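Here the structure is laid out as structure tokens; the discussion comes afterwards.
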Amino acid sequence: MGLRVEVIETTELGDRSYVAHDGRVAVVVDPQRDIDRVEDVLARLGVVCELVVETHIHNDYVTGGHALAQRTGARYLVAAADDVTFERDPVTDGDERTVGSMLVRVLATPGHTDHHLSYVISSPGTPPAVFTGGSLLFGSVGRTDLVDPARTEELTRAQYRSARRLAEELDDDASVHPTHGFGSFCSTGSATGGDASTIERERRRNDALTEPDEDTFVARLIANLTAYPAYYAHMGARNRQGPDAPDLSDPRPVDAAELRARIDAGEWVVDLRDRTAYAAEHVAGTVGIALGTQFSTYLGWLIPWGTPLTVIGRTEQDVRAAQRQLVRIGIDRLAGASVGTPADLAEPDALRTYPTATFADLAASPDAVVLDVRREDERAAGHIPGSGHLPLHSLLTRLDEVPAGPLWVHCAAGFRASIAASLLARAGHEVVLVDDDYANAVASGLATG
């Protein structure tokens with residue numbers, strides 16, 4: 001049968017896990033925390049997991065590698081130099097392992113982390129596959145400022161050399177399988193996403209391979225680094241402890257009276273409905289973060305770590321979907337959940353609303369106080385003259401800088417502005433959510449960029 005690779009997408013975090021197999025046995029690469037998805041793939045393929053491998057100690061999610069290895073009895077490959085508290089099969093550059101007809105070869109590719117590894121898996125009759133983690137991505141490489149900002153230049157140089165090592169040592173037909181680069185904040189540069197790539201294709205398009213001058217590459221990559229989610233600070237330590245499988249059982253139901261008590265106590269109660277529904281009516285004191293592909297990233301970025309979290313969903317299925325996203329970033333158990341409409345969960349005097357608008361509406365309101373909640377790099381590329389600027393990720397620590405009066409809140413497309421509007425309303429501000437694409441502000445002459 002030769003080598004086959006199954007992709008397990010985690011679109012919410014912009015990552016991929018992989019099951020490489022020969023029809024009988026499998027190697028699982030960088031599994032996410034909710035390992036039931038991996039087990040479903042193994043069962044569907046009818047293969048046995050004999051090896052679980054980590055390319056690095058992850059910063060953007062809690063790994064499922066340790067739990068999967070424990071459950072299946074597979075060997076668990078982790079870099080020998082990584083300081084972990086669990087037993088594993090420690091590997092280093094040049095090590096090899098045989099699994100069925102597959103040969104797994106370890107290559108040291110530091111840069112994204114100090115001890116980052118790539119794995120080349122080959123089987124007779126088919127081209128090899130290289131699993132590159134946060135090293136060689138589609139079109140670019142993983143970011144290099146997560147280990148220690150003071151070492152960013154050093155690690156960027158290592159990243160450049162690692163990418164070029166892969167290109168030099170592997171043949172054109174080797175398929176490339178990165179973990180990051182599909183929307184993850186662990187990627188940088190011009191990562192292109194896409195479904196597939198090869199070493200030959202990356203030689204033609206990858207930033208690290210098309211730029212012959214290391215200094216130029218380093219300067220450009222560092223200049224393109226942007227803010228990343230605050231929850232990343234907790235992931236490395238958690239992953240070094242060997243996380244157990246998550247508890248995905250239903251959270252405890254919370255009725256209207258208890259929901260109100262939790263809000264009054266200052267706990268986070270997050271409404272999962274879409275931003276238009278939230279603006280039209282919501283329970284006072286809640287935070288609106290729509291359930292979708294960016295839900296866990298921004299909730300994890302904003303919530304004070306360790307704060308009890310209760311969610312409100314339209315359905316139990318929404319609650320379960322939110323819970324699955326959250327365990328991936330280390331929020332293991334919800335304090336509870338409520339299901340229903342705002343009117344089901346609060347008295348009429350505890351319901352709130354705020355208006356939504358477009359950039360055309362804003363253009364027709366010349367005296368409006370505008371608050372831009374995009375990142376600094378987005379702001380630098382263009383903005384509405386006279387607008388205030390507080391990036392969403394710093395809003396809660398800078399509420400004392402919020403301008404007075406009714407605020408028209410915008411971002412690039414409405415999602416981040418909707419979260420900011422809910423946080424500002426929770427803090428007592430009068431808000432208008434600009435639920436529109438920033439390109440419309442530019443097209444109307446309202447903004448630059």
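The model shown is predicted, which means the values in this text are computed figures rather than measured ones. Quick note: numbers below take in every heavy atom, side chains included, and nothing from hydrogens, waters or symmetry partners.
The local environment of CZ in Arg238 is crowded, with over 12 non-hydrogen atoms from other residues, nucleotides or ligands closer than 6.0 Å. At most 12 heavy atoms of other shown residues, nucleotides or ligands fall within 6.0 angstrom of atom CD in Glu87. Atom CG of Asp83 is surrounded by 12 or fewer heavy atoms from other residues, nucleotides or ligands within 6.0 Å. Environment of CD in Glu376: crowded, with over 12 heavy atoms of neighbouring residues, nucleotides or ligands closer than 6.0 Å.
In this structure a side-chain-to-backbone donor-acceptor pair under 3.5 Å is missing from Asp247 to Arg333. Of the possible donor and acceptor atoms, one in the side chain of Arg143 sits under 3.5 Å from a partner among the backbone N and O of Thr226. Between the Gln159 side chain and the Gly134 main chain, a donor and an acceptor come within less than 3.5 Å of each other. Arg262 contributes a side-chain N or O that, together with a main-chain N or O of Ala335, makes up a donor-acceptor pair within less than 3.5 Å. The backbone N or O of Thr341 sits nowhere less than 3.5 Å from a side-chain atom of Arg273 that would complete a donor-acceptor pair. Listed for the Asp372 side chain is no donor-acceptor partner under 3.5 Å among the backbone atoms of Gly388. Checked by atom type and distance alone, the side chain of Ser338 pairs as donor or acceptor with a backbone atom of Val254 at under 3.5 Å. Side-chain N or O atoms of Arg16 include none that pairs as donor or acceptor with a backbone N or O of Thr179 at under 3.5 Å. Thr144 contributes no side-chain N or O that, together with a main-chain N or O of Gly111, makes up a donor-acceptor pair within less than 3.5 Å.
Rounded to the nearest 0.5 angstrom, Ile35 CD1 and Leu68 CG are separated by 5.0 Å. In this structure, CG in Leu302 is found 10.0 Å from OG1 in Thr397, a value given to the nearest 0.5 Å. Rounded to the nearest 0.5 angstrom, Gln325 CD and Thr297 OG1 are separated by 8.0 Å. Within the model, atoms CG of Asp36 and CG of Leu248 stand 6.0 Å from one another, a figure rounded to the nearest 0.5 Å.
Side-chain contact annotation: His116 with Thr109, donor-acceptor N/O pair under 3.5 Å present. Checking Ser184 against Asp60 by side-chain atom types alone, a donor-acceptor pair falls below 3.5 Å. Side chains of Thr92 and Asp95: a donor-acceptor N/O pair is absent below 3.5 angstrom, by distance only. Gln32 and Ser17 share no donor-acceptor pair across their side chains, judged by distance under 3.5 Å alone.
Side-chain contact between Tyr278 and Ser422 is present, with at least one heavy-atom pair separated by less than 4.5 Å. Looking at His180 and Asp15, their side chains come closer than 4.5 Å, going by heavy atoms from C-beta outward. In this structure, the side chains of Ile57 and Val84 come closer than 4.5 Å at one or more pairs of heavy atoms. No side-chain heavy atom of Asn239 sits less than 4.5 Å from a side-chain heavy atom of Glu54. In this structure the side chain of Leu221 never reaches within 4.5 angstrom of the side chain of Tyr160, judged on heavy atoms. Here the side chains of Asn59 and Tyr228 are not in contact, with every heavy-atom distance at 4.5 Å or above. Contact check for Arg379 versus Ser387: side-chain heavy atoms found under the 4.5 Å cut-off. Val269 has its side chain out of reach of Val283: every pair of non-hydrogen atoms, C-beta onward, lies at least 4.5 Å apart.
Residues Leu446 and Pro385 approach most closely at O-CD, 3.5 Å, considering heavy atoms.
For His177, the ring pair (Phe, Tyr, Trp, His ring centres under 6.0 Å) partners two or more places apart in sequence, or in a different chain, are Tyr18, Phe131. Taking His234 as the reference, Trp305 meet the ring pair (Phe, Tyr, Trp, His ring centres under 6.0 Å) condition, with sequence neighbours excluded. For Trp301, the ring pair (Phe, Tyr, Trp, His ring centres under 6.0 Å) partners are Phe185, Tyr298, His393, not counting sequence neighbours. Contacts of His66 classified as ring pair (Phe, Tyr, Trp, His ring centres under 6.0 Å), with partners at least two apart in sequence or in another chain: Phe86.
Residues Arg88 and Asp82 are not paired through a salt bridge, judged by the lack of any N-O separation under 4.0 Å between the basic side chain and the carboxylate. The pair Asp332-Arg33 meets the salt-bridge criterion, with a side-chain N (NZ, NE, NH1 or NH2) lying under 4.0 Å from an Asp/Glu carboxylate O. Taking a cutoff of 4.0 Å between a charged side-chain nitrogen and a carboxylate oxygen, Glu12 and Arg324 do not qualify as a salt bridge. Between Asp34 and Arg328 there is a salt bridge, since a side-chain N of the basic residue sits under 4.0 Å from a carboxylate O of the acidic one.
Taking the six-membered ring for Trp and the full ring otherwise, the centers of His112 and His56 sit less than 6.0 Å from each other.
Within the structure, the side chain to side chain donor-acceptor pair (under 3.5 Å) test picks out the following pairs touching residues 348-360 (sequence neighbours left out): Thr358-Asp361. Under the ring-ring contact (aromatic ring centres under 6.0 Å, His included) criterion, the residue pairs touching residues 416-444 are His410-Tyr438, with sequence neighbours excluded.
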| request: Any chance you could lay out the side-chain contact (heavy atoms from CB on, under 4.5 Å) test for Glu430 and Leu407, step after step, and finish with the verdict? | output: CA-CA 6 Å; Glu430 185 179 346; Leu407 300 169; over 6 Å; no

